[in-house]
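What follows is a single structure, written as C-alpha cells, with notes after it.
These numbers were taken from a predicted model, which means no experiment stands behind them.
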Amino acid sequence: MADLHALRDRLRSLDSVVVAFSGGADSSLLAYVAHDTLGDRALAVTAVSPSLAGREHDDCRRLAAEWGMPWQEVDTEEMANAAYRRNDTDRCYHCKDALMDALGPISRQRGATPMLGVNLDDLDDHRPGQRAAAEHGAVFPLVEAGFTKDDVRRVSRQLGLRTWDKPAAPCLASRLPYGTPVTLGRLRSVEAAEDALRTLGFEQLRVRHHGDLARIELPADRLAEAAGRHDEITEVVRAAGYRFVSLDLAGLRSGSLNEGITPTS
C-alpha cells in the first residue's frame, strides 16, 4: 500500500538527494515531494540527449519554474557508446549507465544520494536500466514506499500536480525495435511524426519505427477516429520521413517492443 508519509520519511533519512527528472508522472511526483520535504537539499536534474523529446525537455523547465524547485540540465553521452547505438535488449542499461555517469559528480559534490522515479509496476517489465542505476548506488524511493503507477497518479492528483494524468513518454529510442541501430535521423523522424500527430489531437500515442514504415499505436477508443482521418494522418507522418503508415489495431500498450522478452531489472 502506497504511503506518502513513508516516502517523506525515506527522503529525510537520506538528507540530500539528486532526482533524475524526466518530467513524467513518476519522476515529477518524486521530485516535487523531495523538494517539498527537503527544500534546497533536493536537486532535480534532467538528462539532455537526442533521445529526450524537445517538448519533454521544455516541460521539465516549466515544471521546475512552477514549483520553485532547484533544477539543472546535464548532457549525457549515450550516443557515443557503440553498445547503446547497436540497440540490443540491453540498450536501456547503457542509457542509464550514461545517466548515472552524469549524475555521479553532481551527487558527490552535494554529498547527495541519486534516485530514480521507478515504481512497483516497472519491476514487471524488461528494464535493465534499473540494474545500471542500482550498480551506481541509486535508490528507488517510490518502490520502497509501495507506489504503483496508479498510486503515483492518485497521490499526484491529491497534491494538485498537473502531471497526475500526463501520458507516459518513454525515450525516443524505445520506438526502435531491438536490432535497429539508434541514429539521430531515426530519433528525429519519430519525434517529428509524434509531434505532428499531437497537433491533430492524438495526445496518447507511440510511433514505432520500422524502416520506411511507421506503426502508430493509439488507445483503442481512438482507432475508429484515426481510421476515419487516415488521409491527414498519412500526410503528416509521411512529412516526417516515412513512406508507409500503418495503424496498429492492437492499440496503445506500454513496452510493446518488449513483448516476448523476460523482464529484467
(request) Nearest 0.5 Å please: distance from the CZ atom of Phe21 over to the CG atom of Leu43. (result) 11.0 Å
(message) Check this for me: does any side-chain nitrogen of one of Arg153 and Asp150 sit under 4.0 Å from a carboxylate oxygen of the other?
(response) no
(message) Can you give me the closest heavy-atom contact between Ala132 and Lys96, atom names plus distance?
(response) CB-CB, 3.9 Å
(message) Between the side chains of Arg41 and Asp15, is the shortest nitrogen-to-carboxylate-oxygen separation below 4.0 Å, so that they form an ion pair?
(response) yes
(request) Inspect the contact between Arg91 and Glu78 and indicate whether a charged nitrogen and a carboxylate oxygen are less than 4.0 angstrom apart. (result) no
(request) Please determine if Asp248 and Arg206 form a salt bridge, counting it only when a charged side-chain N lies under 4.0 Å from a carboxylate O. (result) no
(message) Closer than 4.0 angstrom, basic N to acidic O: yes or no for Asp26 and Lys149?
(response) yes
(message) How close do Asp75 and Ala102 get, counting heavy atoms only, and between which atoms?
(response) O-CB, 4.1 Å
(request) State, yes or no, whether a side-chain contact exists between Tyr32 and Ser156 at a heavy-atom distance under 4.5 Å. (result) no
(request) Kindly determine whether Arg61 and Asp58 satisfy salt bridge (Lys or Arg N to Asp or Glu O under 4.0 Å), including the steps that lead there. (result) CA-CA 5 Å; Arg61 183 182 296 107; Asp58 293 342; 3.2 Å; yes
(request) Evaluate the criterion salt bridge (Lys or Arg N to Asp or Glu O under 4.0 Å) for residue pair Asp151 and Arg154; output intermediate values, then yes/no. (result) CA-CA 5 Å; Asp151 293 325; Arg154 175 179 54 79; 3.1 Å; yes
(request) Might you point out which heavy atoms bring Glu56 and Ser22 nearest each other, and give the distance in Å? (result) OE1-O, 4.1 Å
(message) Could you report the tightest heavy-atom contact between Leu142 and Val152, atom names first, then the distance?
(response) CD1-CG2, 4.2 Å
(request) Check the side chains of Arg8 and Thr37 for a donor-acceptor pair under 3.5 angstrom, ignoring hydrogens and angles. (result) yes
(message) Do Met79 and Leu52 land in one hydrophobic cluster if side-chain heavy atoms of ILVMFWY residues count as linked below 4.5 Å?
(response) no
(request) Identify the two heavy atoms, one from Ala133 and one from Met100, that lie closest to each other, and give their separation to 0.1 Å. (result) CA-CG, 3.8 Å
(request) Using a strict cut-off of less than 4.0 Å between a Lys/Arg side-chain nitrogen and an Asp/Glu carboxylate oxygen, indicate whether Arg62 and Glu66 qualify as a salt bridge. (result) no
(request) Measure the spacing between OG of Ser174 and CG of Leu187 and express it to the nearest 0.5 Å. (result) 9.5 Å
(request) Classify the ring geometry between Trp71 and His57 as parallel (under 30°), tilted (30 to 60°) or perpendicular (over 60°). (result) tilted
(request) Quick one: closest heavy-atom pair of Ile216 and Ile233, and the distance? (result) CD1-CG2, 3.7 Å
(message) Any salt bridge linking Arg10 with Asp3? Criterion: basic side-chain nitrogen under 4.0 Å from a carboxylate oxygen.
(response) no
